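Bear in mind the structure is a predicted one, so any value in this text is a computation, not a measurement.
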Amino acid sequence: MESPNELLLLVAVGVGMMLILAVTFVLFFSFSQNKLRQEQIKAQQTKLEYQEKLLHSTLRTQEEERKRIAKDLHDEVGSKLNVIHLFMHQIAKKAPDVRANIDEVAEVLNDTINTSRRISHDLLPPTLESFGLASAIEEFCDRFRQSHTLSVNFESEGTRPENIPQMTELNLFRILQELLSNTLKYAQASEINIHLIQSPEKLLLEYRDNGRGFDEKAMENQKGLGMKNVESRLQMIGGTWHLQTALGEGVKVRVEVKLSPG
């Protein structure tokens with residue numbers, strides 16, 4: 001028969017083993033949970049990276065398609081419309097009795113030529129490629145003033161950097177278009193101020209409207225496709241932005257893109 005000491009020893013050993021098993025179980029459970037969380041974070045990060053790559057690819061494809069359509073409109077459609085316009089003037093000279101009808105058709109055709117030129121220009125501004133971002137923004141603001149009642153002021157400092165990639169200028173121009181579009185749709189603003197600063201080291205684009213503004217926290221929770229495109233375009237060119245707004249205080253956006261040495 002076992003002595004009381006031996007029984008106590010057995011109980012102690014049993015309790016110790018149970019404690020060891022309990023601690024082992026807790027540690028295993030904690031390790032499993034941590035590993036599961038890490039896998040979930042990794043999966044979420046992979047998903048976000050895939051979505052970003054997909055959006056970047058979509059934007060690049062979109063720009064390539066815009067460039068192709070703009071070229072076709074200018075080289076094919078525009079040139080053929082001009083030839084038709086010339087033929088109609090020649091017909092009007094040879095047949096004065098139908099000149100009135102020819103003139104009416106020529107006027108419609110001339111409007112079509114201008115519309116085709118405007119669409120081609122909007123798809124890919126030739127000024128951007130030839131003369132740079134500042135000239136393209138100036139031209140865009142002039143055309144914007146003609147078609148809208150908003151007061152648009154543009155100032156530019158510095159000269160076009162020699163080492164600036166064309167894709168950087170194009171994406172900044174698209175970002176500005178998106179900001180103007182948002183102001184036009186939602187801000188109820190009467191004035192827009194745009195300031196571009198160019199240097200060999202970086203580009204600064206400041207945008208401000210005097211509209212009704214909005215709640216930044218609400219925007220963080222409900223970003224539209226336009227704002228996501230702005231962020232994606234900035235990621236593509238290594239840029240950053242800071243948005244400052246509040247209800248009744250308009251919108252101020254500061255975009256910065258650092259340039260690599262030429």
Problem - Pairwise distance NE2(His195) to CG(Asn153) - rounded to 0.5 angstrom - result: 12.0 Å
Exercise for the section: Using atom types as modelled and distance alone, determine if a side-chain donor or acceptor of Asn193 lies under 3.5 Å from a backbone N or O of Arg208. Expected result: no
Handout entry: Thr183 (side chain) donor-acceptor with Leu179 (main chain) under 3.5 angstrom
Key = yes
Handout entry: Salt bridge flag under 4.0 Å for residues Glu178 and Arg233
Key = no
Exercise for the section: For side-chain contact (heavy atoms from CB on, under 4.5 Å), just list the numbers for Glu249 and Gln244, CA-CA rounded to whole Å, side-chain angles, deciding distance to a tenth of an Å, and then say yes or no. Expected result: CA-CA 9 Å; Glu249 296 185 10; Gln244 181 181 339; 5.9 Å; no
Problem - Backbone N/O of Val152 and side chain of Arg145: donor-acceptor pair under 3.5 Å - result: yes
Handout entry: Within-4.5 Å side-chain heavy-atom neighbours: Cys141 and Ile194
Key = yes
Exercise for the section: Compare every heavy atom of Thr245 with every heavy atom of Gly213, then report the nearest pair and how far apart it is. Expected result: CA-OG1, 3.4 Å
Problem - Set of residues satisfying side chain to side chain donor-acceptor pair (under 3.5 Å) with respect to His148, sequence neighbours excluded - result: none
Problem - Nearest-0.5 Å distance that lies between atom CD in Glu206 and atom NZ in Lys252 - result: 6.0 Å
Completion exercise
Here the gap from Leu128 atom CG to Leu170 atom CG, rounded to the nearest 0.5 Å, amounts to 6.0 Å
Problem - Heavy-atom pair with the smallest gap, counting every atom of Ala189 and Asp209 - result: CB-CB, 4.1 Å
Handout entry: Exercise: identify the closest heavy-atom pair between Pro161 and Leu203
Key = CG-CD2, 4.2 Å
Handout entry: Centroid separation Phe214 to Tyr186 less than 6.0 Å
Key = no
Practice task
Is it possible for you to say whether Leu234 and Met167 belong to one hydrophobic cluster, with membership spreading through side-chain heavy-atom contacts below 4.5 Å?
Solution key: yes
Practice task
Kindly say whether Pro126 contributes a backbone atom to a donor-acceptor pair with the side chain of Ser130 at under 3.5 angstrom?
Solution key: yes
Problem - Fellow cluster residues of Ile197, listed by chain then number, with links counted only when side-chain atoms sit under 4.5 Å apart - result: Leu204
Problem - Whether Glu169 side chain and Leu133 backbone form a donor-acceptor pair below 3.5 Å - result: yes
Fill in the blank from the handout: Output for pair (Ile164 CD1, Ser260 OG), nearest 0.5 Å, gives 11.5 Å
Exercise for the section: For Glu191, look at atom CD and say whether over 12 heavy atoms of other residues, nucleotides or ligands are found less than 6.0 Å away. Expected result: yes
Exercise for the section: Using the side-chain contact (heavy atoms from CB on, under 4.5 Å) rule, pick out the option among Val255, Leu205, Leu172 that qualifies with Leu196. Expected result: Leu205
Exercise for the section: Please name the pair of heavy atoms, one in Lys202 and one in Lys258, separated by the smallest distance, quoted to 0.1 Å. Expected result: CB-CA, 3.9 Å
Exercise for the section: Measure the OG-CD distance between Ser232 and Gln235 for me, rounded to the nearest 0.5 Å. Expected result: 6.0 Å
Handout entry: Member of Phe140, Phe131, Phe173 meeting the side-chain contact (heavy atoms from CB on, under 4.5 Å) criterion with Pro125
Key = Phe173
Handout entry: Distance-only side-chain donor-acceptor flag, Arg174 / Gln177, under 3.5 Å
Key = yes
Handout entry: Ser190 side chain to Asn210 side chain, donor-acceptor N/O pair below 3.5 angstrom
Key = yes
Handout entry: Glu256-His242 side chain donor-acceptor pair, cut-off 3.5 Å
Key = no
Practice task
Report the distance from atom CG of Leu180 to atom CD1 of Ile137, rounding to the nearest 0.5 Å.
Solution key: 9.5 Å
Completion exercise
Smallest heavy-atom separation, Pro200 atom then Leu259 atom, equals O-CB, 3.6 Å
Completion exercise
For Ala134 and Ser156, the nearest pair of non-hydrogen atoms, with its separation, is CB-OG, 3.6 Å
Handout entry: Ile175 vs Tyr207 side-chain heavy atoms within contact, under 4.5 Å
Key = no
